[in-house]
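Quick note: residue numbers are just sequence positions, from 1. Keep in mind that what you see is a predicted model, and the values were worked out from it rather than measured.
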Amino acid sequence: MTEQPISSFPVPDLADIPEDLRERIEEVATKTGFVPNVFLALAHRPEELRAFLAYHDALMAADGGLTPAEKEMIVVATSAANDCLYCTVAHGAVLRIRSKDPLLADQVAIDPAQADITDRQRAMIDFALKMCREPGSVGADDYEALRSHGFGDEDVWDIGAITALFAMSNRMAHLTAMRPNDEFYTMGRD
(Lines give C-alpha, C1' and ligand atoms only; values in the text may rest on other atoms or scores of the structure.)
Protein backbone atom coordinates (compact mmCIF):
# COMPACT_ATOMS: atom_id res chain seq x y z
CA MET A 1 0.00 0.00 0.00
CA THR A 2 1.33 3.45 -0.93
CA GLU A 3 1.49 6.00 1.88
CA GLN A 4 -0.80 8.93 1.18
CA PRO A 5 0.68 12.43 1.17
CA ILE A 6 -0.03 14.55 4.25
CA SER A 7 -0.54 17.74 2.21
CA SER A 8 -1.16 18.78 -1.35
CA PHE A 9 1.58 21.41 -0.93
CA PRO A 10 5.30 20.81 -0.44
CA VAL A 11 6.15 19.56 3.05
CA PRO A 12 9.58 20.50 4.35
CA ASP A 13 11.87 17.97 5.99
CA LEU A 14 12.00 18.42 9.74
CA ALA A 15 15.70 19.29 9.49
CA ASP A 16 14.89 22.19 7.14
CA ILE A 17 12.30 23.81 9.41
CA PRO A 18 13.53 26.89 11.34
CA GLU A 19 15.04 25.96 14.70
CA ASP A 20 12.36 27.51 16.94
CA LEU A 21 9.60 25.65 15.12
CA ARG A 22 11.61 22.45 14.90
CA GLU A 23 12.13 22.55 18.70
CA ARG A 24 8.37 23.02 19.22
CA ILE A 25 7.58 20.14 16.88
CA GLU A 26 10.13 17.88 18.56
CA GLU A 27 8.66 18.76 21.98
CA VAL A 28 5.21 17.67 20.80
CA ALA A 29 6.64 14.54 19.20
CA THR A 30 8.33 13.62 22.47
CA LYS A 31 4.97 13.84 24.29
CA THR A 32 2.90 12.05 21.65
CA GLY A 33 5.39 9.66 20.08
CA PHE A 34 4.87 11.11 16.59
CA VAL A 35 4.94 14.39 14.67
CA PRO A 36 1.39 15.61 14.03
CA ASN A 37 1.00 16.27 10.33
CA VAL A 38 -0.43 19.75 10.95
CA PHE A 39 3.02 21.00 11.95
CA LEU A 40 4.69 19.68 8.82
CA ALA A 41 1.93 20.84 6.50
CA LEU A 42 1.79 24.36 7.92
CA ALA A 43 5.60 24.61 8.07
CA HIS A 44 5.33 25.18 4.32
CA ARG A 45 5.09 28.83 5.47
CA PRO A 46 7.02 29.14 8.75
CA GLU A 47 5.93 32.71 9.61
CA GLU A 48 2.28 31.73 9.30
CA LEU A 49 2.87 28.62 11.42
CA ARG A 50 4.43 30.82 14.13
CA ALA A 51 1.40 33.14 14.07
CA PHE A 52 -1.01 30.21 14.18
CA LEU A 53 0.79 28.61 17.12
CA ALA A 54 0.93 31.89 19.03
CA TYR A 55 -2.81 32.44 18.71
CA HIS A 56 -3.52 28.76 19.39
CA ASP A 57 -1.51 28.88 22.59
CA ALA A 58 -3.05 32.20 23.68
CA LEU A 59 -6.51 30.60 23.50
CA MET A 60 -6.06 26.93 24.18
CA ALA A 61 -3.39 27.06 26.90
CA ALA A 62 -4.72 30.08 28.79
CA ASP A 63 -6.46 29.78 32.13
CA GLY A 64 -10.07 30.86 32.24
CA GLY A 65 -13.60 29.68 32.73
CA LEU A 66 -13.42 26.88 30.17
CA THR A 67 -11.72 23.60 30.98
CA PRO A 68 -9.20 22.16 28.51
CA ALA A 69 -11.77 19.46 27.63
CA GLU A 70 -14.48 22.07 27.00
CA LYS A 71 -12.16 23.94 24.65
CA GLU A 72 -11.59 20.72 22.75
CA MET A 73 -15.36 20.11 22.61
CA ILE A 74 -15.71 23.42 20.77
CA VAL A 75 -12.97 22.44 18.33
CA VAL A 76 -14.46 19.01 17.66
CA ALA A 77 -18.05 20.22 17.23
CA THR A 78 -17.18 23.13 14.94
CA SER A 79 -14.58 21.19 12.96
CA ALA A 80 -17.14 18.46 12.32
CA ALA A 81 -19.66 21.11 11.24
CA ASN A 82 -17.01 22.42 8.84
CA ASP A 83 -16.38 18.88 7.50
CA CYS A 84 -12.74 19.07 8.54
CA LEU A 85 -11.43 15.54 8.81
CA TYR A 86 -8.00 16.52 10.18
CA CYS A 87 -9.21 18.72 13.04
CA THR A 88 -12.15 16.47 13.95
CA VAL A 89 -9.90 13.41 14.18
CA ALA A 90 -6.88 15.09 15.82
CA HIS A 91 -8.84 17.13 18.35
CA GLY A 92 -11.20 14.22 18.92
CA ALA A 93 -8.15 12.34 20.19
CA VAL A 94 -7.19 15.25 22.44
CA LEU A 95 -10.77 15.48 23.73
CA ARG A 96 -10.84 11.77 24.55
CA ILE A 97 -7.62 12.18 26.53
CA ARG A 98 -8.60 15.40 28.32
CA SER A 99 -12.11 14.24 29.18
CA LYS A 100 -11.02 10.68 29.97
CA ASP A 101 -14.11 9.62 28.02
CA PRO A 102 -13.60 7.40 24.97
CA LEU A 103 -17.11 8.15 23.63
CA LEU A 104 -17.43 11.91 24.03
CA ALA A 105 -15.51 13.08 20.96
CA ASP A 106 -17.56 10.90 18.61
CA GLN A 107 -20.80 12.09 20.23
CA VAL A 108 -19.83 15.77 19.98
CA ALA A 109 -18.66 15.37 16.37
CA ILE A 110 -21.66 13.44 15.08
CA ASP A 111 -24.61 14.76 17.10
CA PRO A 112 -23.82 17.24 19.87
CA ALA A 113 -27.50 17.38 20.84
CA GLN A 114 -27.26 13.72 21.88
CA ALA A 115 -23.85 13.96 23.54
CA ASP A 116 -23.44 13.08 27.21
CA ILE A 117 -22.63 16.64 28.29
CA THR A 118 -24.04 19.07 30.85
CA ASP A 119 -26.62 21.71 30.02
CA ARG A 120 -23.88 24.32 30.45
CA GLN A 121 -21.67 22.55 27.93
CA ARG A 122 -24.61 22.13 25.55
CA ALA A 123 -25.23 25.91 25.66
CA MET A 124 -21.52 26.44 24.92
CA ILE A 125 -21.59 24.04 21.95
CA ASP A 126 -24.86 25.49 20.64
CA PHE A 127 -23.32 28.98 20.68
CA ALA A 128 -20.11 27.78 19.01
CA LEU A 129 -22.09 26.03 16.29
CA LYS A 130 -24.17 29.16 15.69
CA MET A 131 -20.94 31.17 15.42
CA CYS A 132 -19.67 28.53 13.00
CA ARG A 133 -22.76 28.20 10.80
CA GLU A 134 -24.50 31.58 10.96
CA PRO A 135 -22.22 34.14 12.61
CA GLY A 136 -24.20 37.09 11.34
CA SER A 137 -27.19 36.04 13.42
CA VAL A 138 -25.34 36.01 16.77
CA GLY A 139 -26.64 38.68 19.09
CA ALA A 140 -27.44 39.81 22.63
CA ASP A 141 -29.87 36.94 23.27
CA ASP A 142 -27.12 34.44 22.55
CA TYR A 143 -24.80 36.13 25.05
CA GLU A 144 -27.56 36.17 27.66
CA ALA A 145 -28.22 32.46 27.10
CA LEU A 146 -24.56 31.76 27.87
CA ARG A 147 -24.59 34.04 30.92
CA SER A 148 -27.63 32.17 32.26
CA HIS A 149 -25.41 29.07 32.31
CA GLY A 150 -22.69 30.83 34.29
CA PHE A 151 -20.43 31.97 31.45
CA GLY A 152 -18.84 35.41 31.85
CA ASP A 153 -17.89 37.82 29.11
CA GLU A 154 -14.35 36.42 28.88
CA ASP A 155 -15.76 32.90 28.49
CA VAL A 156 -18.05 34.08 25.69
CA TRP A 157 -15.05 35.67 24.00
CA ASP A 158 -13.08 32.43 24.37
CA ILE A 159 -15.88 30.34 22.86
CA GLY A 160 -16.13 32.69 19.88
CA ALA A 161 -12.37 33.04 19.46
CA ILE A 162 -11.78 29.28 19.55
CA THR A 163 -14.54 28.84 16.98
CA ALA A 164 -12.94 31.52 14.79
CA LEU A 165 -9.40 30.17 15.07
CA PHE A 166 -10.49 26.70 14.12
CA ALA A 167 -12.63 27.97 11.24
CA MET A 168 -9.34 29.24 9.82
CA SER A 169 -7.55 26.02 10.77
CA ASN A 170 -10.31 23.96 9.14
CA ARG A 171 -9.99 25.97 5.93
CA MET A 172 -6.22 25.47 5.89
CA ALA A 173 -6.70 21.74 6.42
CA HIS A 174 -9.08 21.69 3.44
CA LEU A 175 -6.72 23.83 1.33
CA THR A 176 -3.82 21.49 1.97
CA ALA A 177 -5.85 18.25 1.93
CA MET A 178 -4.21 17.63 5.30
CA ARG A 179 -4.23 13.98 6.29
CA PRO A 180 -4.69 13.03 9.95
CA ASN A 181 -1.96 10.87 11.45
CA ASP A 182 -3.12 7.28 11.86
CA GLU A 183 -2.17 7.45 15.55
CA PHE A 184 -4.94 9.97 16.27
CA TYR A 185 -7.68 7.46 15.47
CA THR A 186 -6.87 5.21 18.42
CA MET A 187 -5.64 7.70 21.04
CA GLY A 188 -7.71 7.87 24.21
CA ARG A 189 -9.98 4.97 23.34
CA ASP A 190 -8.71 2.57 26.02
Taken in chain and number order and not counting sequence neighbours, the residues that satisfy side-chain contact (heavy atoms from CB on, under 4.5 Å) with R45 are E48

Give the minimum heavy-atom separation between L165 and H56, together with the two atoms involved.
CD2-CA, 3.6 Å

Pair R147 + D153, salt bridge at N-O below 4.0 Å:
yes

Sorted by chain and residue number, the ring-ring contact (aromatic ring centres under 6.0 Å, His included) partners of H44 (sequence neighbours excluded) come out as F9

Suppose we screen for ring-ring contact (aromatic ring centres under 6.0 Å, His included). Which residues come up paired with Y185, at least two apart in sequence or across chains?
none

Would you say R122's side chain and A113's backbone share a donor-acceptor pair under 3.5 angstrom?
yes

Checking I6 now: which residues fulfil side-chain contact (heavy atoms from CB on, under 4.5 Å) with it, not counting sequence neighbours?
V11, N37, L40

What class does the angle between the rings of Y143 and F127 fall in, given that below 30° is parallel, 30 to 60° is tilted and above 60° is perpendicular?
tilted

A164: which residues meet the side-chain contact (heavy atoms from CB on, under 4.5 Å) condition with it, sequence neighbours left out?
none

Is the shortest side-chain N to carboxylate O distance from R50 to E47 below 4.0 Å?
yes

Contacts of P135 that satisfy side-chain contact (heavy atoms from CB on, under 4.5 Å) - sequence neighbours left out
none

Heavy-atom closest contact (T78 atom, A128 atom, distance)
CG2-O, 3.7 Å

Using only atom types and a distance under 3.5 Å, with no angle test, would you say the side chain of N170 pairs donor to acceptor with the backbone of N82?
no

